[in-house]
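Every chain is numbered from 1 and lettered A, B, ... according to where its sequence line falls, protein lines coming before strand lines.
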Amino acid sequence: MTIINAQLTKFFTDGTTPEIAQRLLGCRIQYETPNGPLTGLIVETEAYVGPSDAAAHAFAGRRTKRNEALYDAPGTIYMFQSRQYVLLNFITQPVDVPEGILIRGVEPEQGIETMQANRGTSGASLTNGPGKLTQAFGMFMALNQTPLNVGALSLDLLPVRHPNQVASSAHIGVPNKGEWTSAPLRYFVASNPYVSKITKKTIDQAHHGWRA
DNA sequence: TAAGGGATAGGCT
DNA sequence: GCCTATCCCTTAT
């Protein structure tokens, strides 16, 4: 095992999945494309905490071809399709512990022109949702069950920016799951414009919610 | 700008 | 045949 993989394993097993989800805020993802690298900072995440979590794909131990990645090693990419979009997740915890983190929002850095072309729009709607950001980056299902930091998709394990404030809320778009619908397992950089469903009035235009 | 509904694709029973 | 870890457009305030 390489040193990079050892660091990756530690990052995705050190603490609970909700703790790791908060630690991801401000970390950079980088995706290599034929048009050059696309990068962005993670601003919104959701934790899914395994067989006991009625909102999670692994609820009650469900294990199918589709969600097999949940049972893979920490730092594995879990891609799945929802409607006509693909959604990006990182696997946490040791093999056979089916927990993971959904990436719901990213603040673009490099390659904004490519993202605009991929999305057919500009501004916050480029990447302020889980389906939007994968479309902006041009990610596809082939990434499923491949490890981070080996192929085209990489994650910086040290945060680039620090949130002024980490806010939390219930999952988005997961109704009818009892207490798990309202569980505060969504984390986001308060006042950042690339957070999904944020109200315009609360946006920090000057610093995007990052610490100076 | 907030809320509601339709489009749309695939997994699962 | 039903149910989504979504998005976008329309409608009303």
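At distances below 3.5 Å, not a single donor-acceptor pair connects side-chain atoms of N67(A) with backbone N or O atoms of L70(A). Although no hydrogens or angles enter the test, the distance criterion places no donor-acceptor pair under 3.5 Å between the side chain of Q135(A) and the main chain of F137(A). Looking at N128(A), its side chain never comes within 3.5 Å of a backbone N or O of Y194(A) through a donor-acceptor pair. Under the 3.5 Å distance criterion, the side-chain polar atoms of T127(A) are matched with a main-chain donor or acceptor of V106(A). At distances below 3.5 Å, not a single donor-acceptor pair connects side-chain atoms of T76(A) with backbone N or O atoms of D72(A).
Nearest-nucleotide mapping onto DNA chain C: of N176(A) and S196(A), the residue sitting toward the 5' end is N176(A).
Across the strands present, dT8(B) finds no partner; the criterion is a Watson-Crick or G-U wobble pair with both atom distances under 3.5 angstrom.
Atom-to-atom, NE2 of H171(A) to C1' of dT6(C) comes out at 16 Å; the value is rounded to the nearest Å. Atom pair L87(A):CG and dA5(C):P shows a separation of 9 Å (rounding to whole Å applied). In this structure, F80(A) atom CZ and dC12(B) atom C1' are separated by 15 Å, rounded to whole Å. Here dA5(C) presents its P atom at 13 Å from CD1 of I172(A), a figure rounded to the nearest Å. K177(A) has its NZ atom 8 Å from the C1' atom of dT4(C), to the nearest Å.
Shortest non-hydrogen contact noted between S196(A) and R186(A) is O-NH2, 3.1 Å. Nearest heavy-atom pair across A73(A) and V95(A) is CA-CG2, 3.8 Å.
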Write down the protein N/O and nucleotide N/O pairs, taken from nucleotides 3-11 of chain B, whose separation is under 3.5 Å; answer none if there are no such pairs.
none

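A continuous path of ILVMFWY side-chain contacts below 4.5 Å connects M115(A) to L143(A), so both sit in one hydrophobic cluster.
Residue contacts shown for A56(A) are absent, as no nucleic acid heavy atom lies under 4.0 Å away. At a threshold of 4.0 angstrom between heavy atoms, the contacts of K201(A) with the nucleic acid are absent.
Non-hydrogen atoms lying under 4.0 Å from DNA chain C are contributed by L102(A), R104(A), all within residues 94-106 of chain A.
By the 4.5 Å heavy-atom criterion applied to side chains, L148(A) and I77(A) are counted as neighbours.
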Nucleotides 8-13 of chain C: protein proximity per nucleotide (B base, S sugar-phosphate only, - neither; heavy atom, under 4.0 Å): S-----
Stepwise side chain to side chain contact (heavy atoms under 4.5 Å, CB included) check, N89(A) with F80(A): CA-CA 8 Å; N89(A) 305 254; F80(A) 70 91; 3.4 Å; yes
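Counting non-hydrogen atoms of neighbouring residues, nucleotides and ligands closer than 6.0 angstrom, the NE2 atom of H207(A) reaches no more than 12 such neighbours.
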